[in-house]
Amino acid sequence: MELIKYPRYVDESKCIACNACAEKCPKKVPSEYDTGLAKRKAIYVPYAQAVPLKYCVDPETCIYILKKRCGACVKKCPTGAVDLEQQEETVALNVGSVILTAGFQPFDPSQFDSYGYAKHPNVVTSMEMERILSASGPTGGHLVRPSDDKEPQKIAWFQCVGSRDLNRCDNSYCSSVCCMYAIKEAVVAKEHAGDGLDCAIFYMDMRTHGKDFERFYDNAREKQGVRFISSRVHTIDPVPNSDDLELRYVDENGDIQKEVFDMVVLSIGLETSAQQRALAKKLGIKLSDNHFCQTATFDPVATSRKGIYVSGAFQGPKDIPQSVIDASAAASAAGEILADARGSQTKAKEIVPETDIIGQRPRIGVFVCKCGINIAGVVDVPAVADYAKTLPYVEYATDNLYSCSQDTQDNMVEIIKKEKLNRIVVAACTPKTHEPLFQESMINAGLNKYLFEMANIRNQDSWVHKNNPELATQKAMDLVRMAVSKVALKEALKESELKINQTAMVVGGGVAGMAAAQSLAQQGYETHIIEKSDHLGGQALNIYKTTSGEDVRSKVKDLIKAIDQDKRVHTHLNTTIAAVDGFVGNFKSTLANADGEYSLEHGVVVMATGGSAFEPDEYEYGNDPRIVTSLQLDKMMMAKDPSLASLQSAVFIQCVGSREPQRPYCSRVCCTHSVHNALELKKLNPDMPIYILHRDVRTYGERELLYKEAREAGVIFIRYELDNKPQVAIKNGAITVNVIDHILGRPLELETDLLTLASAVLPNKANDLAQFFKVPINDDGFFVERHAKLGPVEFATDGVFLCGIAHYPKPLDESIAQGKAAASRAVTLLARKTLHTSGEVAETNPMWCSSCGVCVSICPYSAPTFTEEGPFTGKAQINPVLCKGCGLCVASCRSGAIHLKGFDNDQIFAQIFSLDEAVR
Amino acid sequence: MLEYNDKIREISKKILKECKVDLVIGFRKGSVPMMNEPHVVKNPDDVDKLIWDSHCGINLANYLTERKEKVGIIAKGCDSRNIAVHIIENKIDRDQLYIIGVPCQGMVDKRQITAKFSGEIQSIIEKGDTITVSGNGFEEKLSKTDVLQKNCAVCTHRNPVVYDELAGDLVEEQRGVDRYEDVRAVEAMDSEAKWQYFDEILAPCIRCYACRNACPLCYCPTCFVDESRPQWVGKSIDPTDTRTFHFLRAYHCAGRCTDCGACERACPVGINMRVFTKKLEKDCKDLFDWEAGLTIDVRPPLDIYRPEDPDEFIK
Amino acid sequence: MSDWEPKIVSFLCNWCSYGAADLAGVGRMEYPPNIRVIRIPCAGRMSAKFFLAALRQGADGVWVSG
């Protein structure tokens, strides 16, 4: 494929992000990142966290590029990185697969006249609100409104702006993320401004269907006092002679209310841009009617063109965890078709033998960097280098123009060898970005890379104290002194290597587990599925059709067949796990079946333990065969039950067992399931009256179209409140449902011959497994992933992954994507074949250990355990493979028996003790 | 409380004879009044040396660490709570123990009684709530309630928490006691007053470590005050070092201290170091609804992370 | 007293606050130069003994962030 690489006008290999160019650039333009609320220059970094941290030129505003005048940045750049003559290049790549992560564009609300977004400065979008609330934003996180910088007293959020709307725009789908971000913004706004701030969210349905989102919603409403008003506001009227805004809306009692707000935030939706659509066309992939990339339930990241995969909001509006899951799943899908090519382009590195420094007196070398003028413009660098020479054990000190340049690095290697230095301090930028680079040079000089320390005299000194050169120089000297005293105590640390068993184990043979197993096998790894029942398939076998009409059973059977035929997948039915030994790369599980126990060695494990349907304990469930759960209705449909077509009416009750105090989460799938089943019933008999009694209809994303279709088909939706639930009675052989109509405020009595209860999704109990693999379970019984947003398919414990309903209730496509994603994350470990531990890990001294077990209890990574044999039986030991070097155990150890290499007590103390004049 | 004696001896004899335990840890009469000594009985015929009265304030849990034998132990409320802490912290196995629980009505404060008399106290006789103190030329009756150890006066866990057998009927727990009046008084001080208060109460400290040695929680093979690399704290009686010692020791007891009073009782110069441990005890109660030693199944709050841990202080 | 500036020692978590302090530099934010940062691998590494040692050295304030 051919790529067009647009010119950056800055040579990335030379730019050191010193900001000299932007300082001189005369052209100020609105910053896209700050949504126009602040300015940037024509040469700029889009935002402070940008990777790589390199500047670029905006050709549409640069005076030189437009008019061939100026060029101040070229003159000012200390490294000669700016090249305004750079041209567009075409890059040819030979690839086996393409993954599209084109993202979305936020909806532009200027087209809505009645909101006056373009006219009223205090009507802002949610994206603008994000910047106003951000500590790094244009107001430094101080909540003020744009028109007059006044601190607002009342803020309103409007939901569904550019979503669920065919009147004023063409986006009939739900954008899925806006309810949650609006609540978050309201809560953050209250945190910034204090409880006095009034936040009101105007919504149609609150859709907090993500993991732990419902709790956040409950807290915002009940504890933080955010107001939620079920109303769609038509018009914003400016209040004359002020910057305030008046809203008129119909409240839940049907009365018209008038309320004045200081600001209105439009919760804008997600849509596919024209550019993204053009890309799809160029690549020849199909988009849905809503311009999102078309995918299938059982192949959720594959586009219509083979080898091209998609992830993120380009596939449909979705939040961060789901995007991250998709991304891993897409990587897995690409890995499956490219398995043979894995590792074919890697090169081996040359190894320089390491000098043994044990017994040597410290000989410290200090390199103080000028970073062009970045440091030297403020700090007196030669004076700092001279000062370093006076410090104990410092044998060599010098300054460099650019410590990170290749020639300086080569020079450093020579100096280390020539001066026989055995410890190095670099006073320069920050270890966060440059430590590995300097350590590389140490390795090349034959020194252990842990005999190193950096003094941060740029990011945390010259850059932040530019008006105080004297004190900045003093601070640099202090930091160098502290680094020198620490590095003198540093030791050469060893990184051990450990083989990773190339076999994977998947616990649970449902759809998620099978998807994970299939992907692992297709990427070349022997995989064992452990299933406690006598068949594969799990809950999916109880589901009738997907929302797009695919027959689930036959699709699942295809998947089972594929699993059965794959020689690398070994299925263990009627089998449970009795015990687990070992850790990442080297697990040994004891499996049990009717014939006894046997063991399985594996390198990774995927938890796909699934869930089941809650058995309702209300609404007369169990007292009449016509009162069924959603899955029971599916069963009737699968069996083509003739009674369905002749029903007089059907009623669905939502949130049965979900969003209740004892189970305060949304089961995510039930709204769509009921709406879909209602439509299936309408297909059988279009005249059948159907009522869905709900609390909010949560047909998120493109599922919203089903909701619309159902309304058009005549399905009647009635909202009820938790404190006024429907009443079901069986009277004279008839089922009656009483509910208060939310619009009329009147009680309704519905007589029905089919009452479907949309019952909650429960996780399967997996407490034993959680203990075996040392992974946590939350109050609702779901596993707790490493990070709710960024680590949704793995645990904090290395080598253990999760997918499917064990994580949270989810529909089939999301379960399959997560299964593939878990496989992808597992492969990142397996493909390495060996594990390298960090040298900076904790270690116990058993002579000092009192066996109290605090470390074992407190470590989030399960690294400490009690020694089971030998002279130190009962004392704690730390597995360096699992240790992340956080030092939690070290600080918690009362007995002082744990040492953290690289950040040991005496090393930190050395820094504290050498603060000296810095604090006197 | 005296009526426990027979029962304690009976149980001890039985469990030693039946080889349920290798030894029984209890008290014997001390050589001076009000100073009972911990005593280990190994022979069933020696159980008559074991006694129980209102001078058994030493916390016997202190004698359990690193024991390999099967141990019988006599435990009042606080001892039993410290035994529970020991079990959680792997100091001893529940299976190794036969706990003879003693419902307690408080131990008397030797210092308070001594201070009431100018002459040497030669004998103390206890009957119900009445304590008859006599010496050369004087004899006086005191109410035990008036001379309780300070921790016993505000104790709300007089009955043993874990035990195998009881030496007497459970007693009624004290209700409506204000456990933290002293702590609140310190909390209410401004920084300067607080500093002065700390300075004053710690001024007499001679760094003898009697408090540490009497405390069942202080079982580390090497105490931080004895470490030299790094040297956490100086060895002198410099006020900063003394403060460091007391503050850090208190932190090490957070969520584990049962306010048994052994530290204060052991102090030769009468320092009220319980005010530090009690502050942390109060915090654990307020923040985590936790009292140490009431269970052998849950680790103290500072040993574990839970999502619902309070975090309002992070703002 | 008006010229008095407290000397502050801070212990910053490598993964968040230390990075944030770096970002403050990238953003050229200015703050007074009376703070000395000690990088720790996690705020969980922080020991009460470090506070006391820093205060004892003469620091007027200790700031832990992570």
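Every chain is numbered from 1, with letters handed out A, B, ... down the list of sequences. These values consider heavy atoms only, across backbone and side chains, with no hydrogens, waters or symmetry-generated copies.
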Among A54(C), P33(C), G58(C), residue most engaged with chain A (heavy-atom pairs, under 4.5 Å): P33(C)

Closest approach of I912(A) to Q57(C) (non-hydrogen atoms, all atoms of both residues): O-CG, 3.5 Å

Minimum-distance pair of heavy atoms, taken over all atoms of V464(A) and M29(C): CG1-O, 3.1 Å

Minimum heavy-atom distance between A891(A) and G44(C), given as atom pair plus value: CB-O, 3.1 Å

Flag side-chain contact, heavy atom, 4.5 Å: I908(A) against R45(C): yes

Proximity breakdown for R56(C) and chain A, heavy-atom pairs closer than 4.5 Å: neither

Residue among D916(A), D478(A), D461(A) satisfying salt bridge (charged side-chain N to carboxylate O under 4.0 Å, His left out) with R36(C): D478(A)

Chain C contact via K466(A) - side chain, backbone, both or neither, heavy atoms under 4.5 Å: both

Considering all heavy atoms, the nearest N456(A)-Y18(C) contact: ND2-OH, 3.1 Å

Contacting moiety of N468(A), where chain C heavy atoms sit under 4.5 Å: side chain

Considering all heavy atoms, the nearest F913(A)-A53(C) contact: CE2-CB, 4.3 Å

Proximity breakdown for D60(C) and chain A, heavy-atom pairs closer than 4.5 Å: neither

Partner chain C: residue of L53(A), N467(A), I858(A), T433(A) with the largest heavy-atom pair count (under 4.5 Å): N467(A)

Chain C interface, residue from C18(A), A17(A), A483(A) that has the most non-hydrogen pairs under 4.5 Å: C18(A)

Heavy-atom pair of closest approach, residues P41(C) and L900(A): CG-CD2, 3.6 Å

I35(C), part contacting chain A, at a heavy-atom distance under 4.5 Å: both

Basic-acidic side-chain contact under 4.0 Å: D22(C), K432(A): no

Contact origin within P6(C) toward chain A - heavy atom pairs under 4.5 Å: neither

Sub-4.5 Å side-chain heavy-atom contact between Q460(A) and Y31(C): yes

Atom pair CZ/OG of F909(A) and S47(C) - distance to nearest 0.5 Å: 6.5 Å

Residue K76(A) excluded, over 12 heavy atoms near NZ under 6.0 Å: no

Salt-bridge criterion met for E435(A) and R39(C) (N-O under 4.0 Å): yes

Q49(A) portion near chain C, given a 4.5 angstrom heavy-atom threshold: both

Which atoms of V26(C) approach chain A - backbone, side chain, both or neither, heavy atom under 4.5 Å: both

Interatomic distance, I38(C) atom CD1 to S914(A) atom OG [nearest 0.5 angstrom]: 7.5 Å

